[in-house]
Amino acid sequence: MTKTPTTLRVVIPRPLYQAYDYDCPDLPLPELGCRVRVPLGPHSLVGIIIERGFTSDFDKLRPIESVLDSSPLFDDSLLELLQWASVYYHHPIGEVLFAALPKRLRKGLPLLQNFVWHLCCDDIEEAKQQNKRAKRQLELLEQLAQHSLTEAQLTSLHLGKWRSPMKALAAKGLVRRELVIPEIKSGSVEHPNQKLITLSDEQENCMSQLSEWLAAEDFKPTLLHGITGSGKTEIYLRAIKAVLLQGKQALLMIPEIGLTPQLFQRFCDFFPSQTVVALHSGLNDLQRAQNWQSANTGEADVVVGTRSSIFCGFHNLGMIIIDEEHDGSFKQQEGFHYHARDLAVKRASQLNIPIILGSATPALETLLNAQRKRYHYLLLNQRPGTRQRPKTKLIDTRDQTLEAGVSRKLLAEIDHHIRDQNQVMLFLNRRGFAPVLLCSKCGWHATCPACDSEMTFHAARHKVICHHCDYQKTVGASCPSCHHPQLSTQGHGTERVENLLCAHFPDTTVVRIDRDTTSRKGELDKKLSLVRSGEPVILIGTQMLTKGHDFPKLTLVGILDIDQALFSADYRAQEQLAQQIVQVSGRAGRGDKTGLVVLQTSQPEHPMLNQLLAQGYRAVAQQFLTERQAWNYPPFGHQALIRANAPQFEIGLAFLQALKNDLKIALEESQSDIRLMGPMPSPLEKRANRYRYQLLISATRRSSLHCFLDQLISRIRTVKKPKELRYTLDVDPTNFM
Ligand code: ADP
Ligand code: ZN
Ligand code: ZN
């Protein structure tokens, strides 16, 4: 064993639990969190340094090839968080660290240099005159005339579409750029020129309580439970302002499709002299890298981001806020199965900074934490001003004729609200025309050849599409099996309801919002701005409509087809349904007129539904918690799920069975509180030509679950695995499909 102070321990982007040791021939040693290029076998890979100057157990270390960064991409606390996550989720450190980086940096590209653009012409009016026909160039000139802008600011203002017009202006000698040297924050927050909203008494009380807690030294998250439309965003803005005044940065995390341009604008307007940047999947690699970097250098003051922004590096993070903290999109469902909310709480606790979890329908986990006094609890129970909560009405579909799943009574309500010049929204969580296409003569129906599932009929495209694997097939008018000239459908999706609405209300604009109608860039914004224009429209859409939207003219919300979820075998389905009903209902009556919510169901006596309408979400959540406790389900007990799949059904099943047999002996000996259930087929057993099985692990204590998972992982690493086998471990699973 040689003692060498020039060692580096490097994590490489492979599904490996360990890091590799290298030698660094040139001093000084690069810092922790910097990238290096290292050899591995015949390959050359990008790696991240997690330790340096230690004594390696290996004699001959290969030298690194090069150092890629002069300053770290991860500071110590972020490295610590990521290493903690790798241990908690039992996921290979290589994949965890690299999941945290934007793609450009993963590939080893250098950090972007940060430039600021200045105007450099004497006569701005003349320059504008010259360029009056080039709309984007003109816009840039006008903005630069007010003040110089960094590339990060330009990217967030223009969503990246500024580079070519700026180049054109530079070619004409009207603008120039200069390298930015990162500066220390001044901590002054300029206020918007426009009038600020005056907080309601309830909001004021909430704010003063919050300020007291935020000033406290000891770490304790805050649950802000505010009914829909109660003005939570106004609280976020003011809480963030307090952080910026200390010269620190803030992270606001939002659900996957929750970042509407309006929400982003609200932040930009509130902080006109600060840099607000977005981080979400709608950005290209360059924008993402730029925004990520501007948070890392401290240039960005506020980051508004989705799930993965929890891994963003910050110069001086002072607060984390999670909006709609109950939302399922904070859980990553592939590869590295982390929960961004849980990691956010961990990160805030590490940094000892405040964290606020906001929702109208808090997750049971979060409510329990509040009940156990681990979290502070704040309630906003009113809508500001004269706005009322919407009224709710159940329609029993058993005594109604339905057209495309819509009852006469609901059609009459729609008619009524549209005549009053209001807007209407119908919610149906199923896209396409109909979930089943069949032949009434021979019984043929369209099933996916690769999955165990029906294919959904999409009428306008003359196709059946599998919503699990996206397999598509064009269908004709006649039965492919017996050539009967007519095919029928069963059930209904948003496309069918749209057709019905168009037929019934020929003079009213019908706007359908689902994945099919909004897949092209800009389409969703176009549809939303149509709704925001305020003219009477009928909206029909899927869960994309539930999040965050604020349409003041919307007075009627209709919720179709909830019966399936009422009887789902998944113990989380009812919780999600209750949250969805409350969230969708919350879109109604946000303007001056009181809203109405109509729920269609064939189960009007269903206890959960009745309790929700009579007593509200809190009561229903309490009931769920009581049930979960009786069954020792999360958040009381703890779970992990191993999934295995392969093209042949025996493989996944045999793998899980062998694991179970292996570990059962250890369990019997240690009399532990671990329970194994399965292996059993996943609810969707065959998907994309792979057979899927799962083994559920439950434990009363978190610590014994983790002990067990350690054993399990070391078993998995040593057993022989067939090439075709794929498996994942999901700690705290939320989805059992
Ligand atoms: P939430 O996030 O709780 O659903 P928002 O913060 O989006 O609610 O507020 C809902 C609407 O009420 C927004 O249009 C917002 O501008 C408005 N609002 C919030 N607080 C006030 C207030 N104190 N006075 C007047 N309007 C308010
Ligand atoms: Zn047929
Ligand atoms: Zn399929």
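Just so it is clear, the model here is predicted, and its values are computed rather than measured. Counting convention: from 1, in listed order, for ligands and their atoms alike. Just the heavy atoms: all of them, side chains too, but no hydrogens, waters or symmetry mates, feed the values below.
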Participant: Taking non-hydrogen atoms only, is Thr198 closer than 4.0 angstrom to ligand 1 via side chain, backbone, both or neither?
Facilitator: backbone
Participant: Just checking, any donor-acceptor pair under 3.5 angstrom between side chains of Glu685 and Ser682?
Facilitator: no
Participant: If I take atom CD from residue Glu202 and atom OG from residue Ser230, how far apart are they, to the nearest 0.5 angstrom?
Facilitator: 7.0 Å
Participant: Determine whether the side chains of Gln622 and Gln371 contain a donor N or O and an acceptor N or O closer than 3.5 Å.
Facilitator: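 Gln622 vs Gln371: donor-acceptor pair found between side chains.
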Participant: Provide the closest heavy-atom pair for Asn429 versus Gln543 in the form atom of the first, atom of the second, distance.
Facilitator: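 Here Asn429 and Gln543 meet closest at OD1-N, 3.3 Å.
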Participant: Please say whether more than 12 non-hydrogen atoms of neighbouring residues, nucleotides or ligands are located less than 6.0 Å from CD in Glu523.
Facilitator: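 Check passes, neighbour count above 12.
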Participant: For Thr233, counting its heavy atoms only, list the atoms of ligand 1 lying under 4.0 Å from any of them.
Facilitator: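 Answer for ligand 1: 2 (O), 5 (P), 6 (O), 7 (O).
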Participant: Just let me know how Ser230 lines up against ligand 1, side chain, backbone, both or neither, with a heavy-atom cut-off below 4.0 Å.
Facilitator: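 For Ser230, the contact with ligand 1 is made by both the backbone and the side chain.
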Participant: Just to verify, what does Glu204 make a side chain to side chain contact (heavy atoms under 4.5 Å, CB included) with, not counting sequence neighbours?
Facilitator: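 Glu204 satisfies side chain to side chain contact (heavy atoms under 4.5 Å, CB included) with Leu199 once adjacent residues are dropped.
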Participant: When you measure from the heavy atoms of Gly385 to every atom of ligand 1, does any distance fall below 4.0 Å?
Facilitator: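 No, that is not the case, since the closest heavy atom of the residue is not under 4.0 Å from the ligand.
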Participant: Check ligand 1 against Leu199 and write out every atom of the ligand that is under 4.0 Å from a heavy-atom position of the residue.
Facilitator: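 Listed by number with element, the hits are 23 (N).
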Participant: Between Glu202 and ligand 1, which residue portion shows a heavy-atom distance shorter than 4.0 Å: side chain, backbone, both, or neither?
Facilitator: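 Neither part.
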Participant: Measure across Ile356 and Ala239 and return the closest heavy-atom pair with its distance rounded to 0.1 Å.
Facilitator: CD1-CB, 4.1 Å
Participant: Indicate, with yes or no, if the rings of His225 and His326 have centres closer together than 6.0 Å.
Facilitator: no
Participant: Relative to the heavy atoms of Pro384, which atoms of ligand 1 are at a distance of less than 4.0 Å?
Facilitator: 19 (C), 20 (N), 21 (C), 22 (C), 23 (N), 24 (N), 27 (C)
Participant: How does Arg590 reach ligand 1, if at all, at less than 4.0 Å between non-hydrogen atoms: by side chain, backbone, both, or neither?
Facilitator: side chain
Participant: Return the set of protein N, O or S atoms whose distance to the Zn ion (ligand 2) is under 2.8 Å, each given as residue and atom.
Facilitator: Cys439 SG, Cys442 SG, Cys479 SG, Cys482 SG
Participant: Between Gly231 and ligand 1, is there a nitrogen or oxygen pair with a distance under 3.5 Å?
Facilitator: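 Yes: some nitrogen or oxygen of Gly231 is under 3.5 Å from one in ligand 1.
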Participant: Look only at interatomic distance and state if Gly229 has a nitrogen or oxygen under 3.5 Å from any nitrogen or oxygen of ligand 1.
Facilitator: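 For ligand 1, there is an N or O atom that lies under 3.5 Å from one belonging to Gly229.
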Participant: What are the two closest non-hydrogen atoms of Cys448 and Met455, and how far apart are they?
Facilitator: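 The pair with the smallest heavy-atom distance is N-CG, 3.4 Å.
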Participant: With the Zn ion (ligand 3) as the centre, enumerate protein N/O/S atoms below 2.8 Å in chain and residue order.
Facilitator: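 Listed by chain and number, the nearby protein N, O or S atoms are Cys448 SG, Cys451 SG, Cys466 SG, Cys469 SG.
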Participant: Is there a heavy atom of Arg266 sitting under 4.0 angstrom from any atom of ligand 1?
Facilitator: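 Right, Arg266 reaches ligand 1.
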Participant: Suppose I only count heavy atoms of Glu234 and a 4.0 Å limit; which atoms of ligand 1 are within that range?
Facilitator: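 This gives 6 (O), 19 (C), 20 (N) as the contact atoms.
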Participant: Atom CG of residue position Asn205 - does it have more than 12 heavy atoms of other residues, nucleotides or ligands inside 6.0 Å?
Facilitator: yes
Participant: For residues Asp514 and Met544, report the shortest heavy-atom separation together with the two atoms involved.
Facilitator: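 Closest pair (atom of Asp514, atom of Met544, distance): C-SD, 3.5 Å.
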Participant: Minimum distance, heavy atoms only, to atom 24 (N) of ligand 1: which one of Asp323, Leu224, Ile197 is it?
Facilitator: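 Going through Asp323, Leu224, Ile197 one by one, Ile197 has the nearest heavy atom to atom 24 (N) of ligand 1.
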Participant: Step by step, work out the side chain to side chain contact (heavy atoms under 4.5 Å, CB included) result for Gln203 and Leu380.
Facilitator: CA-CA 7 Å; Gln203 283 169 314; Leu380 283 177; 4.3 Å; yes
Participant: Judged by non-hydrogen atoms, does Gly226 sit under 4.0 Å from ligand 1?
Facilitator: no
Participant: For Asn645, check side-chain hydrogen bond (donor to acceptor under 3.5 Å, both in side chains) against everything at least two apart and list the hits.
Facilitator: Arg690
Participant: Under 4.0 Å from a heavy atom of Ser200: which atoms of ligand 1 are those, numbered in the order shown and with their elements?
Facilitator: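 Matching atoms, with element in brackets: 23 (N).
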Participant: Answer yes or no: does atom OH of Tyr691 have more than 12 heavy-atom neighbours from other residues, nucleotides or ligands under 6.0 Å?
Facilitator: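 No, because the 6.0 Å sphere around OH of Tyr691 holds 12 heavy atoms or fewer from other groups.
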Participant: In terms of relative ring orientation, are Trp213 and His376 parallel, tilted or perpendicular, with 30° and 60° separating the classes?
Facilitator: parallel
Participant: Can you confirm whether more than 12 heavy atoms, excluding those of Arg618, are under 6.0 Å from its CZ atom?
Facilitator: yes
Participant: Side chain, backbone, both or neither: which part of Asp550 comes within less than 4.0 Å of ligand 1 when only heavy atoms are counted?
Facilitator: side chain
Participant: If you look at every heavy atom in Glu575 and Ala363, which pair is closest and at what distance?
Facilitator: OE2-CA, 4.1 Å
